[in-house]
Amino acid sequence: MQTPTFLTYLHSFHSPTMEASTGLFAGTPNSNELVAIQGHDEPKPVKNLDGQLCEICGDSVGVTVEGDLFVACEECGFPVCRPCYEYERREGNQVCPQCHTRYKRIKGSPRVEGDEDEDDVDDIEHEFKHEEMQKGNMIHGDDGNSKSKAVNGELLSTSLGEPGAKLDDKEEIDEWRLHQGNVWPETDSSVDPEKAMKEPLSRKVAIPSGKLSPYRMMVVARLLLLLLFFQYRIFHPVPDAVGLWFISVTCEIWLALSWMIDQIPKWFPIDRETYLDRLSIRFEPENKPNMLSPIDIIVTTVDPIKEPPLVTANTVLSILALDYPADKISCYVSDDGASMLTFEALQETAEFSRKWVPFCKKFSVEPRAPEKYFSEKIDFLKDKLQSTYVKERRTMKREYEEFKVRINALVAKSMRVPPEGWTMKDETPWPGNNPNDHPSMIQVLLPHNVGNELPCLLYTSREKRPAFQHHSKTGAINALLRVSAVLSNAPFVLNLDCNHYVNNSKVVREAMCFFMDIQLGNGIGFVQFPLRFDSLDRNDRYANKNTVLFDINLRCLDGIQGPVYVGSACIFRRKALTGFDSPTSSKRPSMVQVHSKQDENGEEASVTAATDEEKELLKSQMNDENKFGKSTLFMNSSLTEEGGVDPSSSQEVLLKEAIHVMSSRYEDRTLWGDEVGLSYGSIAADTLTSLKMHCHGWRSVYCMPKRDPFRGTAPINLTDRLNQVLRWAVGSLQILFSRHCPLLYGLNGGRLKGLQRIAYVNSTVYPFSSIPLLIYCIIPAICLLTDKFITPSVGTFASLIFISLFISIFASAILELRWSGVSLEEWWRSQQFWVIGSVSANLFAVMQGIMGALPLGRVNTNFSIVSKAPDDVEFRELYAIRWTALLIPPTTIIIINLIGIVAGFTDSINSGEHSWGALLGKLFFSLWVIVHMYPFLKGLMGRQNRTPTLIVIWSVLLASIFSLVWVRVDPFVLKTKGPDVKQCGISC
C-alpha cells in the first residue's frame, strides 16, 4: 500500500489552520514509516437550529415592549408572534396550540374575558426580570459562546445573544444553580473581585458536633462493653463443649479486632465546599486569556460486546460537552481490544457531537449524556426561557434516534466477521484483526481549531504482541498517560471507565477548586469523586450502590490523608503519577518549569524556574534510573510544570513518538508500573497506586457535589456481583503478600500517616474475616444438631452485658447513619451482602491467596470484564443465574441452618417443655444467619424458581454429609436411661 503524505498532526493541538482530515495512523517503533490507513471524512455542516419565526403565520416572533424576545406561553415556549397571540386570545380558544395551557396576559396586550382572575403582574415579569448585561458585571468564558455568573450572584448563565435572567428570591437562585449543576450557592465574595482573588477556592466543613459526638461516645461505650463481654466469655468456658466454646471465642476476638481496625480511621469525617464563582473570577478574567488548566481525559474500553459502543459513545459525548473551555480538553479513548466496531462507532460519535455539544451549551442541559437526558421523566421546560428550546430539543432527539440506529447497524454488521478479516472503506485491512497481535493505532477524530467549541477527541489502540505482558486495563491507562504527555501534556488527567458518564458538567471545575488553590493545591495528588449507578433494582438487592464506601468510608479518610483511588472518576495531577514526591519533600529533585503559563497579553513567557545545568542534571539522574523509558520527548514533558508540548517539535516527530511510547517493549527495564504510572502487581491496582502516592507525601481529596458528578452501570446479576467482589478481595491479598504490604511499606522515609496506614491495612486483611464469619454462620446449626451451646447458663449480670452489647451495636450504626445521611435500608443491604460476599467470594479469595503464596502453583487471577450492557427487559439480569462455585458455600450454609432448625424442634418435642427455653436462643442465632442470607436465597431461586441442578446437588450433598457426621458423633435422639449396674451389683 502506498504511504500517503504525512498530515499535519501537531496543528490539531496548536495551529488555527488545522483541517479535520487527519487519518488513522498505525506503526511500530522499529519502523521509520508511518502509515496513514484511512482519511477522516470532512465534517458535515451543522443545521441552523435558530427558530425565531411564528409557527402560525411564519413572521418574526418579535420583541416585547422592553426589547426582550416575545414569549407567548411560558409553559412550553411555543413560538407565536404578538398578532397571532392577541388574535388567539380575542377570537380563539385562548390556549397555546402546543401544550393547551391558557394564555396569560402579557404586558402591553389588551385584556380579554377571564383576565380578571389573574394578578396584574405577569408571570414572566414576576419570576424573570430581563435586564441588559452590564459591562463589568459578566465573566466571559473562553470559548465566547457562553456568559457566566454576575454581580451579586443574580445574573445567570445564558447563551450568547439571549437576555439574562434575574431571580428575586435567594432560594430560587440556589435551586436554579443546583439544577444547572453549580453545586454551592454564590458567596458574597462575588461582589468584590479583589476580595475573591485572595480567598480560598474551597474549605473543609466539619460534621456538626451534635451528630458526631454522640456517635463517638457510642463507639467508646461499645468498646467498653466488648471488653466486659470478652472478660465473661474467656473466664466462663462451657465444660461439655470446650471445642465449640474455644472456636467461637476465637472467631469473636477476630471479628472484634476487625471492627476496631475498621472503626479507627472513621474518627475524623469531614465534608468540603467549593466556590466556583471565585474560580471563575480568578482564572477567567474579562477580556483576557482563559487561565484554567488544561486536562487530558482517558476513557478505557476493551470488549464492544460486554461494553456496548452506545454506552461508550454516551460517555464520550458527556465529556465533550463539559462546562469547561473546549481548547483545554483532550479526550483519549483507549480501545484495548482493537475493535473496528469501536473505531467506527467513535467516528459516528464525533460527527454527532458537532450537533449535540452546541445544543448542551446553548441551553445548559443536564445531564449531557443524551441517552440519560432524553430518558429522564422530568419537566425539561423548567428554567428554560428560550422559545426555540422545545423545537431544538425535538430536533435533537430525532437526531439522536438516528444516531442510535447507525450505531446499532454497526453492531449488527460486526456479528458477521468475514473469513479474511475486516477491511475499511478504502479496502485496507483493519490492523486490529488479531486483537492480540497488532501495531499501535492513532486517529484524531476531532482536532483543536481556533473558534471550534469542540474538544479534541482521539482514538488510540496500543501495540499488542504475544510475547509481552500487557497488564490489562492498568497497562492501557499507562500507555495513554505517555501518549497524552507527548501530544497534549495537560497537567491533570481524568480517568473514566467507558460506562461512567459525566452527570455534572461542572465536575472539572469542582476539581480545579482544589488543584488551582494557591495555598493548598500543590500538595494534592488526586481528587476522587463518588460513583452513582443507574439501572439498579429498587431495593438494591446486592448492595451495588456501595453507599457505605462512598458516603461513609471515603469521607472519613478525607479527614486523614485523603480517600483511596477507586479505579474511575478520579482526576490526577500528572506530576504525582510520574513518581515524584509532593513539593514539601526534599528527597527527590523538584519539578522544573520549562514552559510557563501565558501572560496577560497572551504571549508565551520565556522565564524558566531553573538553569540549564539543573535541568541537564535532572535528566541525567532520570536516565541513570531508567525511570521513564527511552523517550526524550516524554522525559521533557515530565519536566514541564504547567504542561504543554514543545512547539519546536515537528508534527512527524510527535506522531512517531506517540507510536513509540505505545509499543509493547517500551516499558521493559523501566520503572513503569512500579514508581511511574499506575501500579502493576495486583488486580487492585487502584488501591496500590493510591498507597504509593500517599507514601510519597501526596494528599487526596474527596469531592461530593450536590449533583452527582458521575453515573454509570453496575452488575445486578448475582454471579457477576460475586465475581466483582472476588476480584477486589484477590487484589487486596496480592498487596498484602507483596513487598507493598501496608504494615511495612514506606516505614523508612515514607510519609504515610498512621491512621491512613491502618486504613490501608484494613483494606488488605478484610478477606480473612471470611473464615471466622463462615464458622460463626455454621455454629448455630451445630448447636441445634448437638443440643449444645457456645455459652453456659447466663446469670443476670451476663444477660445485661449481652443485651447492652447488642443495643450498642445497633445504636452506633444508627448514629453513624445520622451523621452520614445513609438510609437504614442501604446500611442493612450492605450488612447482608457483607455476610454473603464474605462466605463466598472472600473465602475463595483467601484460598487463592494461600495457594498463590505456596510453591504448589499459581492461580489464574487475570482481570475480567463484567457485562455493562443495559437490559433490554427491565431487571432481566437480576433474575439470571449462572453457574459458579462461589454459590456453593452460601447455599450450604442456608441448608445446614434449615436442617438444624428442624432438628432443634424435633429434639425439643422429644425432650419435653423444659428444653424450649434453650431452643429459643439457638433459633435466634440460626434465624439471624438466614435473614442475612435472604437476598442470596431470593436471587438463587430466581423469578421462576429455576436454580441450577448442579448447585442444588452439591449443596444438599455437603449439608447431608455434614449433618450425618454430627449425628454420628453426638446424636440428638433421646437416649434410654437405666439403673447403674455397678451400684446395684446385678450381674448381667
Side-chain angles (χ1 to χ4, degrees), residues 46-115 117-119 121-130 156-167 172 176 179-180 355-356 358-366 370 373-401:
V46 183
K47 292 182 179 179
N48 183 11
L49 299 179
D50 292 334
Q52 304 297 329
L53 300 179
C54 175
E55 293 292 334
I56 297 177
C57 66
D59 293 338
S60 175
V61 170
V63 296
T64 65
V65 294
E66 297 178 350
D68 299 327
L69 181 69
F70 180 78
V71 179
C73 177
E74 66 266 26
E75 295 296 329
C76 68
F78 186 71
V80 175
C81 63
R82 182 180 287 273
C84 292
Y85 159 78
E86 293 180 350
Y87 178 83
E88 178 66 25
R89 278 171 45 84
R90 186 178 65 253
E91 305 291 343
N93 297 325
Q94 301 182 3
V95 297
C96 173
Q98 176 170 276
C99 65
H100 302 289
T101 303
R102 185 184 186 278
Y103 277 139
K104 295 183 179 180
R105 190 182 72 85
I106 298 177
K107 187 176 181 180
S109 298
R111 289 184 177 274
V112 297
E113 183 180 358
D115 288 346
D117 298 332
E118 299 181 6
D119 296 332
V121 182
D122 302 318
D123 277 358
I124 293 183
E125 183 184 10
H126 177 67
E127 294 185 12
F128 305 102
K129 296 181 180 179
H130 298 291
L156 304 177
S157 173
T158 60
S159 102
L160 187 62
E162 295 290 337
K166 182 175 180 181
L167 302 184
E172 292 181 4
W176 188 92
H179 178 77
Q180 298 300 319
K355 306 171 185 176
W356 172 251
F359 170 78
C360 291
K361 293 187 175 181
K362 179 178 181 180
F363 298 105
S364 301
V365 301
E366 294 284 0
Y373 172 69
F374 289 120
S375 65
E376 280 190 338
K377 298 179 180 179
I378 60 173
D379 181 12
F380 58 84
L381 295 172
K382 185 179 180 181
D383 301 323
K384 303 300 177 185
L385 299 184
Q386 295 92 330
S387 60
T388 61
Y389 172 68
V390 176
K391 183 178 180 180
E392 292 191 24
R393 184 185 187 276
R394 189 183 299 115
T395 302
M396 187 54 58
K397 187 174 183 179
R398 184 170 58 252
E399 294 280 358
Y400 178 63
E401 293 298 329

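Computed over heavy atoms, backbone and side chain alike; hydrogens, waters and symmetry mates excluded.
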How long is the straight-line distance from [atom2] of [Y] back to [atom1] of [X], given to the nearest 0.5 Å?
| X | Y | atom1 | atom2 | result |
| --- | --- | --- | --- | --- |
| Arg105 | Glu86 | CZ | CD | 10.5 Å |
| Met396 | Arg398 | CE | CZ | 10.0 Å |
| Cys73 | Lys104 | SG | NZ | 9.5 Å |
| Glu392 | Glu399 | CD | CD | 11.5 Å |

Could you work out, with ring-ring contact (aromatic ring centres under 6.0 Å, His included) as the rule, every residue matching Phe78, not counting sequence neighbours? none
Are Tyr400 and Trp356 side-chain neighbours, meaning at least one heavy-atom pair lies under 4.5 Å? no
Are any of the side-chain heavy atoms of Thr388 and Lys362 separated by less than 4.5 Å? yes
Looking at every heavy atom in both Val71 and Ile106, which two are closest together, and how far apart are they? O-CD1, 3.2 Å
Determine the minimum heavy-atom distance between Val80 and Cys54, stating which atoms define it. CA-SG, 3.8 Å
Aromatic ring pairing Tyr103/Tyr85, orientation class (parallel under 30°, perpendicular over 60°, tilted between): perpendicular
Backbone of Cys360 reached by a side-chain donor or acceptor of Tyr373 within 3.5 Å: no
Partners passing side chain to side chain donor-acceptor pair (under 3.5 Å) against Glu401 (at least two apart in sequence or in another chain): none
